[in-house]
Amino acid sequence: MPELPEVEVTRRGVAPYLEGRIVGNVTLRHTGLRWPFPPELPRILTGRTVRGTGRRGKYLLVRFDHGTLIIHLGMSGHIRILPQDVPPQKHDHFDMQIGGQVLRLTDPRRFGAVLWHAAEDGDVENHLLLRALGVEPLEEKFTAQLLHSQTRARTAAIKQVLLAGDIVVGVGNIYASESLFRARINPKTPAHRISLARYERLAQAIREVLAEAIAQGGSTLKDFISVNGQSGYFQQSYFVYARTGEPCRICNAPIRQLVQGQRSTFYCANCQK
DNA sequence: AGCGGTCCCTGTGCGC
DNA sequence: TGCGCACAGGGACCGC
């Protein structure tokens with residue numbers, strides 16, 4: 001389940017194999033994922049030089065002089081750099097030869113996306129999928145004041161407001177539960193009822209949880225160039241996520257599970273008020 | 001504008 | 001052992 005940390009680790013992992021290198025053949029093995037692949041992608045990319053990589057929320061960006069390749073991993077997607085002679089398997093949908101190797105996108109559930117944003121259409125930040133996104137949680141613009149001011153009219157539960165991604169991006173289902181636990185805030189609390197002081201705790205918790213996950217993922221960077229790499233899943237011990245009924249690591253009370261917006265939320269009713 | 005529900009997709013794991 | 005089904009999840013989209 002790639003959330004922001006997994007996408008960022010993927011970006012760092014593949015960047016050295018892409019930047020400054022020229023794209024060879026591009027192969028589309030499916031008509032598309034969440035949306036159809038732009039059918040002209042091979043013509044657009046072949047022979048062009050990758051100028052850099054980036055990330056916006058959970059969108060991975062590969063920059064060229066004439067535009068930006070936008071990749072989303074959905075919930076089951078992952079990218080690896082492989083030797084060109086590794087045969088594609090069932091769920092390998094997109095190949096881009098580069099620097100004598102191949103960048104391969106695998107996505108069994110096909111919730112991901114591969115899109116193209118031409119430079120002539122302006123900054124990629126203006127792309128329809130990116131323009132309404134909230135701030136980056138690891139940048140200075142993300143503050144408790146922002147969380148507080150942006151939630152004054154939000155009556156929905158804080159967990160769902162975090163997931164919505166229009167205030168802050170990249171906090172998915174796992175890290176939303178983990179961050180709220182660390183901030184000791186009950187996930188059901190209406191967002192507009194949370195004080196600035198409590199948002200200070202939440203902002204700090206989000207920064208810490210995401211930064212720790214990225215640091216942990218950094219140790220698995222080698223997986224991006226191995227055939228059997230397990231990229232996308234970090235061996236991490238969560239405080240609450242998927243621990244229903246197990247004892248809270250702080251107070252031993254059983255971790256509870258509830259459903260918010262068709263998603264599971266995990267929390268400690270004793271620690272989180 | 002914000003909210004809640006629905007849908008896309010397939011692998012996994014459970015109960016019968 | 002096999003079958004059917006619920007569930008997992010990011011996020012666009014829609015109607016209120």
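From a predicted model like this one, the values you see are computed outputs, not experimental measurements. Naming convention: chains lettered A, B, ... in sequence-line order (proteins, then strands); numbering from 1 in each chain.
The NE2 atom of A:H192 sits 19 Å away from the P atom of B:dA1 (whole-angstrom rounding). Remark: P of B:dG4 and CG of A:D166 are 13 Å apart, rounded to the nearest angstrom. Computed from coordinates, the A:L130 CG to C:dG11 C1' distance equals 13 Å when rounded to whole Å. Taking atom CD1 of A:I167 as the reference point, atom P of B:dC3 lies 9 Å away to the nearest angstrom. Protein atom CG of A:N173 is 12 Å distant from nucleotide atom C1' of C:dC7, rounded to whole Å. Protein atom CZ of A:F266 is 7 Å distant from nucleotide atom P of C:dA8, rounded to whole Å. Taking atom CD1 on A:I70 and atom P on C:dA12, their separation rounds to 12 Å, with Å as the unit. Put simply, NE2 on A:H91 is 9 Å from P on B:dT12, counting in whole angstrom units.
Here the side chain of A:Q257 is nearest to one of C:dA8, C:dA12, C:dG10, namely C:dA8. Set against C:dG11, B:dG2, C:dA8, the side chain of A:K58 has C:dG11 as its closest nucleotide. Taking the side chain of A:W35 as heavy atoms from C-beta on, and the options B:dG11, C:dG10, C:dA12, the nearest nucleotide is C:dA12.
The phosphate of C:dG10 (OP1 or OP2) has no side-chain N or O of A:Y175 nearer than 4.0 angstrom. Between A:S264 and C:dA8 there is a side-chain polar atom (N or O) within less than 4.0 angstrom of OP1 or OP2. In terms of phosphate contacts, A:H72 brings no side-chain nitrogen or oxygen within less than 4.0 Å of OP1 or OP2 of C:dA12. Between A:Q160 and B:dG5 there is no side-chain polar atom (N or O) within less than 4.0 angstrom of OP1 or OP2. Phosphate contact (OP1/OP2 of B:dG2, side-chain N/O of A:T155, threshold under 4.0 Å): absent. Distances shorter than 4.0 Å separate none of the side-chain N or O atoms of A:R34 from OP1 or OP2 on C:dA12. Close to B:dG11, at under 4.0 Å from its OP1 or OP2, lies a side-chain N or O of A:K90. Contact annotation: A:R110 side-chain N/O to B:dT10 OP1/OP2 distance is under 4.0 Å.
Remark: the backbone N or O of A:L33 is not paired with any side-chain donor or acceptor of A:R110 at under 3.5 angstrom. A:R56 places no side-chain N or O within donor-acceptor distance of the main-chain N or O of A:R131, the cut-off being under 3.5 Å.
Map A:F111 and A:G261 each onto its nearest nucleotide of DNA chain B; the residue landing nearer the 5' end is A:G261. Nearer to the 5' terminus of DNA chain C, by closest-nucleotide assignment, is the contact made by A:V259 (compared with the other of A:V259 and A:R263). Taking for each of A:R154 and A:Q262 the nucleotide of DNA chain B with the nearest heavy atom, the 5'-most of the two is the partner of A:R154.
Of the N and O atoms on the side chains of A:T265 and A:Q257, not one donor lies less than 3.5 Å from an acceptor on the other residue. In this model, a donor atom of one side chain and an acceptor atom of the other lie less than 3.5 Å apart for A:E208 and A:Q204.
In this pair, A:Y175 and A:Y238 present their aromatic rings perpendicular. The plane angle is above 60°, beyond the 30 to 60° band.
A:L73 comes within 4.0 angstrom of nothing in the nucleic acid, heavy atoms only.
Ring-centre distance between A:H127 and A:W116: not below the 6.0 Å cut-off.
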